[in-house]
2 protein chains.
Amino acid sequence: MARRRSSAVTLTDVARRAGVSVATASKALNARDDVAADTRHRVQQAAEELAFQPNALARGLISGTSRTVGLLTDELAGRFAMPVLLGAENALGNGQMSVLLCDTRGDTFRRRHYIRTLLSRQVDGLLIVGDKNDMRPSLTEGIPVPVVYVYGESDDPDDLSILADDEGGARLAAEHLVALGRRRVAHITGEEGYRAARDRAAGLGAVLGEAGLPLVGGVPMYGAWSQRWGRHAASMLLSAHPDVDAILCGSDQIASGVMETLWDFGRRVPEDVAVVGYDNWEIFAAECRTPLTTVDLNLEQLGAIAAEHLIAALDGDRRTGVIRHPGRLVLRESTGPRTSA
Amino acid sequence: MARRRSSAVTLTDVARRAGVSVATASKALNARDDVAADTRHRVQQAAEELAFQPNALARGLISGTSRTVGLLTDELAGRFAMPVLLGAENALGNGQMSVLLCDTRGDTFRRRHYIRTLLSRQVDGLLIVGDKNDMRPSLTEGIPVPVVYVYGESDDPDDLSILADDEGGARLAAEHLVALGRRRVAHITGEEGYRAARDRAAGLGAVLGEAGLPLVGGVPMYGAWSQRWGRHAASMLLSAHPDVDAILCGSDQIASGVMETLWDFGRRVPEDVAVVGYDNWEIFAAECRTPLTTVDLNLEQLGAIAAEHLIAALDGDRRTGVIRHPGRLVLRESTGPRTSA
DNA sequence: CTGAAAGCGCTTACAG
DNA sequence: CTGAAAGCGCTTACAG
């Protein structure tokens with residue numbers, strides 16, 4: 001079981017080759033203390049010749065910091081965790097920190113197990129990535145290192161949560177539609193149980209209210225986050241309100257279904273009906289027959305911001321509360337003329 | 001900078017509380033040596049009361065194994081790395097190993113940097129996840145720990161590569177079409193530069209050959225991995241060969257575009273033309289108007305198998321060469337009657 | 001400027 | 001059955 005590395009070059013080897021003590025070799029390599037220029041040079045050369053890599057375990061044991069953070073996701077498989085992960089990994093890597101990845105698959109037992117493992121590995125901090133942006137129970141209690149929540153909000157206001165600004169994103173989309181002169185705007189979206197759905201509906205409602213415009217149908221059409229629902233809801237909408245001239249969709253997937261139905265009904269997009277999606281999921285948004293104007297959640301930035309706040313907390317600069325990171329509107333043909341690529 | 005953990009409960013604390021030496025405490029907790037049942041019990045209780053977690057860094061320093069593997073991906077953002085990652089993480093987690101995640105973003109400099117970091121962190125092994133299944137240069141040289149390649153094949157036959165069996169997967173699909181009595185089969189697929197495209201075409205060709213059937217159009221229609229190409233190729237195909245009765249597509253995305261065009265041309269799926277996709281990308285395959293029969297690459301299994309081989313190699317059981325893991329055909333409506341959900 | 005010593009938290013022969 | 005000692009690979013006061 002003891003699988004010692006074969007090629008383990010240690011600082012002792014370097015010191016021997018350079019003809020100095022390990023203490024001096026250590027100082028020379030770490031540019032601390034006063035070391036004679038000549039000695040430093042000899043040590044560095046020896047280290048290079050031996051391809052010496054300091055053992056991070058030994059360093060961590062001494063310093064008490066492993067330069068590692070644990071990244072705990074509820075559900076890696078969904079499409080939201082990935083970009084967040086990517087942004088975080090990138091930001092942490094730039095800060096010389098490594099990422100220990102754990103996917104709990106929504107399982108509480110697994111989560112506790114992973115937290116224990118991560119702490120025993122002396123992670124310097126924890127990033128908790130949610131699979132939806134609803135509130136979630138805080139896990140911070142009993143964790144002796146900084147914790148930052150991303151995408152899903154911790155229910156403890158003493159935690160720091162980095163969230164996508166769904167209401168603001170929907171406002172961007174709605175303002176765009178209003179600016180285009182659309183006056184009969186409807187909203188087809190996902191399950192009302194999701195905070196994302198409610199927040200987006202609220203953002204749209206606010207903008208329409210400010211513009212003195214009604215929401216077609218009176219209420220958002222809540223349903224499912226699927227193309228199927230998009231198709232179904234659109235055909236109901238067109239029957240009940242044939243005068244609709246814009247549809248804000250709760251997701252690109254829904255928008256994709258909506259556009260299929262509009263096509264079937266002979267409505268032109270965007271001439272007759274402007275359509276806006278949500279998520280900027282390229283595969284739907286950029287590839288469909290009529291490329292889709294949509295709201296990008298800036299998830300990579302979300303991950304990066306979370307990582308930066310974690311690093312700041314490690315340096316003693318700890319924040320609490322909620323940070324809502326704005327999305328951005330991506331203009332494509334479904335609301336207007338082809339934009340120059 | 002020295003951020004020592006506040007709540008660091010060490011084995012010394014446990015030993016003191018249990019009234020024994022650290023050596024005995026260690027043995028009691030690790031169930032080694034002979035320790036009096038009573039002593040063991042006292043130690044365990046003390047450990048529990050103090051919520052003791054052994055410091056994995058210290059353990060690793062002694063044992064020479066960190067129970068950690070590095071997972072190096074070329075491109076996490078694509079849709080293939082994720083399931084592989086998931087399967088690997090899961091299999092490794094079950095084996096008590098943690099995953100250090102690194103996304104090189106296809107950058108060679110970054111890759112070298114990450115490999116150095118991972119080795120200095122004393123990873124026990126490396127998993128290299130490709131972003132496509134083409135051959136790629138081996139990275140193994142100079143790496144003193146076992147390495148397993150997943151999804152992309154190493155060009156060094158002394159490495160172990162775990163790959164999806166694209167030719168076999170296409171055979172499954174083709175045999176299904178032939179068994180359904182389709183005789184005019186065409187192939188619309190992605191870029192010929194991709195091995196996946198060529199292997200799938202080869203699988204289809206082989207089955208058609210065995211059945212004495214021609215490939216409609218004589219050659220595979222190579223193009224791009226996009227809906228757009230699917231739409232375009234399908235309309236060319238229908239003009240040139242209106243008698244086509246089945247289309248094997250190189251991806252679900254292509255299939256999605258193909259089906260849009262079939263719809264526009266008034267061809268019914270599957271009655272007039274059977275369509276098979278590739279990838280089982282649920283969002284396209286299960287959600288489109290006519291749910292899609294397709295080939296699942298079993299990517300999670302691929303990741304899990306790679307992890308298991310890595311663990312085996314750690315235990316001295318090292319394999320080399322290529323393992324092709326079969327895909328599976330997922331039957332939906334695009335080739336036949338609705339299957340019972 | 002350099003090196004011997006102590007120590008990070010743990011495990012493992014080795015005495016007793 | 002238990003504990004003192006040595007050691008994993010490194011860093012950091014502390015003498016010299």
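For clarity, every value in this text was computed on a predicted model and none was experimentally measured. Proteins come first, then strands; the chains are lettered A, B, ... in the order of their sequence lines, and each starts at number 1.
Relative to the side chain of B:V35, the nucleotides D:dC10, C:dT2, D:dT2 differ in distance, and D:dT2 lies closest. Listed nucleotides: D:dC1, D:dC10, C:dT2. Nearest to the side chain of B:D34: D:dC1. The side chain of B:V22 lies closest to C:dT11, out of D:dA13, C:dT11, D:dC10. Side-chain proximity of A:A58 to D:dT11, D:dG9, C:dT2: nearest is D:dG9. Distance from the side chain of A:L61 is smallest to C:dG9 among C:dG7, C:dA13, C:dG9. Comparing D:dT12, D:dC1, D:dC8 by their nearest atom to the side chain of B:I62 picks out D:dC8.
A sub-4.0 Å separation between OP1 or OP2 of C:dC8 and a side-chain N or O of B:N55 is absent. For the pair A:T10 and D:dC8, the criterion of a side-chain N or O lying under 4.0 Å from OP1 or OP2 is not met. Look at B:R59 and you won't find any side-chain N or O under 4.0 angstrom from OP1 or OP2 of C:dG9. Contact annotation: B:T24 side-chain N/O to D:dT2 OP1/OP2 distance is not under 4.0 Å. The side chain of B:S26 places no N or O atom within less than 4.0 Å of a non-bridging phosphate oxygen (OP1 or OP2) of C:dT12.
Taking atom CD on B:Q53 and atom P on C:dC10, their separation rounds to 10 Å, with Å as the unit. Rounding to whole angstrom units, CG of residue A:D13 and P of D:dC8 are separated by 11 Å. Rounding to whole angstrom units, CG of residue A:L29 and P of D:dT12 are separated by 13 Å. Going from atom CZ of A:R67 over to atom P of D:dC10 covers 17 Å, rounded to whole Å. Across the protein-nucleic acid pair, B:D38 atom CG and D:dC1 atom P stand 12 Å apart, rounded to whole Å. Going from atom CG of A:L57 over to atom P of D:dT11 covers 13 Å, rounded to whole Å. Atom CD in A:Q122 sits roughly 11 Å away from atom C1' in C:dC10 (whole-Å rounding).
Between the P atoms of D:dT2 and C:dG9, the separation comes to 25 Å (whole Å). Nucleotides C:dC1 and D:dC10, compared at atom P, are 25 Å apart to the nearest Å.
Residues A:S66 and A:D124 come closest through the heavy atom pair N-OD1, 3.0 Å.
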ask   = Given B:D103 and B:T73, is the side-chain hydrogen bond (donor to acceptor under 3.5 Å, both in side chains) satisfied, shown in steps?
value = CA-CA 5 Å; B:D103 181 8; B:T73 71; 3.3 Å; yes
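Scanning DNA chain C for stems, defined as runs of 3 or more consecutive Watson-Crick or G-U wobble pairs whose donor-acceptor distances all fall under 3.5 Å, gives the following ranges: C:1-3 with D:14-16, C:5-12 with D:5-12, C:14-16 with D:1-3.
Between B:E75 and B:K132 there is no salt bridge, since no side-chain nitrogen of the basic residue lies less than 4.0 Å from a carboxylate oxygen of the acidic one. Between A:R111 and A:D107 there is no salt bridge, since no side-chain N of the basic residue sits under 4.0 Å from a carboxylate O of the acidic one. Under a 4.0 Å N-O distance rule, the pair A:R105/B:E300 qualifies as a salt bridge.
Applying the salt bridge (charged side-chain N to carboxylate O under 4.0 Å, His left out) rule to pairs touching residues 11-20 of chain B yields B:D13-B:R16, B:R17-B:E49, sequence neighbours excluded.
The residue B:A23 sits close to a base: some heavy atom pair falls under 4.0 Å.
No option in A:D74, A:D156, A:D155 other than A:D74 meets the salt bridge (charged side-chain N to carboxylate O under 4.0 Å, His left out) test with A:R136.
A:L72 places none of its side-chain heavy atoms less than 4.5 Å from the side chain of A:L127.
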